[in-house]
Amino acid sequence: MLHGHAQRSPFPLLQTTNPKTLFHFIHFSSQSQSQSQSRHFPLHSTLSSLAEPLLRRDPPENSSYAAVFQFLTGRSLLRLGRQVHAHMALRSLEPDAFVGAKMIAMYASSGDLDSAVTTFNRINNPSSLSYNSIIRAYTLYGFPQKTIGIYFRMRSLGLKGDNFTYPFVLKCCADLSNVWMGICVHGISLRIGLEIDMYVGTSLIDMYVKCGEISDAHKLFDRMIVRDISSWNALIAGYMKNGEIGVAEDLFEGMARKNIVSWTTMISGYTQNGLAERALFVFDKMLEEDSGVKPNWVTIMSVLPACAHSAALERGSQIHKFASKIGLDSNVSVQTALVAMYAKCGGLAEASQCFDRIPLEKKNLVAWNTMITAYSSHGRGLESISTFEEMIKAGVQPDTITFTGLLSGCSHSGLADMGLKYFSCMTKAYSVEPEVQHYACVVDLLGRAGRLVEANKLINNMPMQAGPSVWGALLAACRKHRNLEIAEVAAKKLFILEPDNSGNYVLLSNMYAEVGMWKEVDNLRAMLKSQGMRKTPGCSWIEVNGKAHMFLGGDTSHPQAKEIHVFLEALPEKIKEAGYVPDTSLVLHDVSEEEKEHNLTTHSEKLAIAFGLLNTSPGVVLRVTKNLRICVDCHTATKFISEIYRREIIVRDVNRFHHFINGSCSCGDYW
DNA sequence: GTAGGGTTAG
């Protein structure tokens, strides 16, 4: 009978185990697995004394096993857990609701969800406790639908659930953004008197926050009798995600005690709302205050995008060093955030170094995507492709973002044929359906090659509605190839799809200006004005000695403004000797050529570059960031500057990177 | 047990 049972069992080690080997196994594993910790934690002796009743001849009780499973939970001792399970089965002990719950927790925490589920299904009379274990397991493994299904099955059996059930069920409603389900579960928890429970209450706040119902979340917060730091944190996160940073700040300041999550919430809130400076400031303040909070990997991950956003390479690498010092740089998520940060700060070499340091088996989809996208935005299409092929070789399944990176990489490097090849086979070979953004990349790809009619045809045959990204790509291509006819078609679509984007009006207006159609230019400018829109002011910044210096177009407010302007006034003559011809075609005003030239010398990117040249030693790479696309004249001028002054200049514009070296740019003059 | 999270095209 015993033997038969063993053969039916889904647990592979069942047949080979007897009490004696179990003892040896416990003895051996506890010694080998904990050699380094044994001085601090007596794992071996604890486990031996817990397991001791199991090894006696008299039949042990379920509860003895429960203690062992509980001890094994969260220790990643899956083999040992299986041995204990097998030992139990050999003694014909069927897990009851209680031991079953502990076994489920052990399996789930050891990464074996299948065994957890099998265990659950074999429990004869599951209790709330057994349901809680499987609900927790399904939630942590990211199966919210399953969790909710199990929860309602539990309710149908007349089990109400307790304060351990509802936080997970609510988390699932939150993950699904299903506010109706959330309200339903809220109602049930209210009826059974659990709303006032601290954990249930916090989970309810979180659920309403994640469903975008911030006022309901706040009402709940006000009703809570006992609040925890977590309740505050959940609400603060809501106001930051919401964009109501002021409210979040007030709540944060009003907290009697703050923990690392409170600080991290504020930092990531600032980052996500584009307030990079504030994010970095709060990060510093947290470290200075010495309030006993210790940054963890989420903190580092939240602060790095702030460096990326403001292109603060020096700040970013300082934080990198800090993360290494406190031992957080071996975390894949931190490493991935580092890759993204370095790439966005113009440090492609550092980015790929960080990527190389991630062990192959730890490189996940996000890590690969980040590196592919990094190469792509730097115009290194061939590297994008080879990284993609390595990813496939490593057995990681690509997703929609992978192909966005890959295709835009091909287009940025002029690899039209490669891009089209990947686009045409992505469904068949990689099971990824093309989406709007992939069409946008292909339109860009064809547009770059001057195949505008083909691009237009592709748009008309798209299986879905063409979005602003697609028409935007076509419009940009038309500007480059001076095709006013198709440009007008694309622009008209864009005026409807994104009426508030002044960039589209400016682009078309520039095209009219190029061919001297000043009446149309005026019409467009009148349209902009009547709709209360203004051209987004151009703005560039550069980091020198760890400090960012920002310039607006025509800016004279910088302390060194005079010096900069003297330099820029003299610049055209200097680079004209090397062949520079000022390109005034894009200056909007219908004014004299001389005046146009002056307009050009005050573009924000030129101011930043001039400042960089004046304040750094020869050989230092200049890294400039601009909030719009770099203009044609600045692009040309920068190429000459890189040659005459023998400087490497890296400009990040709103779309991509430009590496200027020895008179040429990595974008191949198409952007 | 609850709260904080990295990768997306013009």
Side-chain angles (χ1 to χ4, degrees), chain A residues 132 135-136 139-140 162-168 170-171 174 197-207 209-210 228-238 240-241 259-269 271-272 296-302 304-305 308 331-341 343-344 364-374 376-377 399-409 411-412 435-445 447-448 467-477 479 490 494 498 501 503-504 507 629 654-656 671:
Chain A
N132 285 351
I135 280 175
R136 178 173 188 270
T139 308
L140 296 182
D162 57 21
N163 54 331
F164 282 83
T165 317
Y166 285 86
F168 292 108
L170 288 164
K171 183 180 161 59
D197 177 85
M198 200 170 70
Y199 285 100
V200 178
T202 301
S203 305
L204 280 165
I205 293 175
D206 182 53
M207 183 275 293
V209 159
K210 295 213 170 112
D228 185 47
I229 299 188
S230 312
S231 328
W232 289 78
N233 291 344
L235 189 64
I236 290 174
M240 315 224 53
K241 273 179 197 139
N259 64 13
I260 186 60
V261 179
S262 323
W263 287 97
T264 306
T265 305
M266 290 305 289
I267 292 168
S268 72
T271 309
Q272 281 161 25
N296 58 25
W297 63 281
V298 186
T299 318
I300 302 296
M301 252 176 50
S302 305
L304 284 175
N331 177 301
V332 205
S333 300
V334 169
Q335 289 171 311
T336 305
L338 282 168
V339 173
M341 180 276 292
K344 286 183 181 161
N364 57 24
L365 178 64
V366 180
W368 287 105
N369 282 354
T370 305
M371 196 64 231
I372 291 169
T373 308
S376 152
S377 63
D399 72 350
T400 156
I401 294 171
T402 317
F403 277 95
T404 308
L406 181 66
L407 293 173
S408 77
S411 108
H412 284 170
E435 291 171 23
V436 184
Q437 65 265 32
H438 304 120
Y439 278 93
C441 293
V442 177
V443 168
D444 187 59
L445 204 101
R448 180 193 168 97
S469 56
V470 178
W471 291 113
L474 187 63
L475 180 60
R479 201 215 66 193
L494 285 167
E498 34 178 40
N501 187 341
N504 299 323
L507 227 151
R629 285 154 57 113
V654 69
N655 287 331
R656 57 168 297 154
W671 68 95

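Letters go in sequence order (proteins before strands), and every chain restarts at 1. Keep in mind that this is a model prediction, so the values were computed, not measured.
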Remember a base hit wins even if backbone is also touched, and classify [X] as base, sugar-phosphate or nothing at under 4.0 Å, heavy atoms.
| X | answer |
| --- | --- |
| A:Tyr439 | nothing |
| A:Trp297 | base |
| A:Asp197 | base |
| A:Thr264 | base |

Calculate the interatomic distance between [X] atom [atom1] and [N] atom [atom2]; express it in whole Å.
| X | N | atom1 | atom2 | result |
| --- | --- | --- | --- | --- |
| A:Met301 | B:dG5 | CE | C1' | 3 Å |
| A:Asp228 | B:dA3 | CG | P | 12 Å |
| A:Asp399 | B:dG6 | CG | C1' | 14 Å |
| A:Met371 | B:dT8 | CE | P | 13 Å |
| A:His412 | B:dT8 | NE2 | C1' | 12 Å |
| A:Leu338 | B:dG5 | CG | P | 18 Å |

Expected output: side-chain A:His438 to main-chain A:Glu435 donor-acceptor under 3.5 Å: yes
So, A:Asp228 side chain and A:Ser231 main chain: donor-acceptor pair closer than 3.5 Å or not? no
Out of [options], which nucleotide sits closest to the side chain of [X]?
| X | options | result |
| --- | --- | --- |
| A:Val298 | B:dG6, B:dG4, B:dG1 | B:dG4 |
| A:Thr265 | B:dT2, B:dG4, B:dT7 | B:dG4 |
| A:Asn364 | B:dG6, B:dG4, B:dT8 | B:dG6 |
| A:Asp206 | B:dA9, B:dT2, B:dG6 | B:dT2 |
| A:Ile401 | B:dT2, B:dA3, B:dT7 | B:dT7 |

Ignoring hydrogens and angles, does a donor from either the side chain of [X] or the base of [N] sit under 3.5 Å from an acceptor on the other?
| X | N | result |
| --- | --- | --- |
| A:Glu498 | B:dG10 | yes |
| A:Ser230 | B:dT2 | yes |
| A:Asn132 | B:dG1 | no |

Can you name the nearest heavy-atom pair linking A:Thr402 to A:Ile372, along with the distance? CG2-CD1, 3.8 Å
Nearest heavy-atom approach of A:Pro468 to A:Leu494 is O-CD2, 3.5 Å
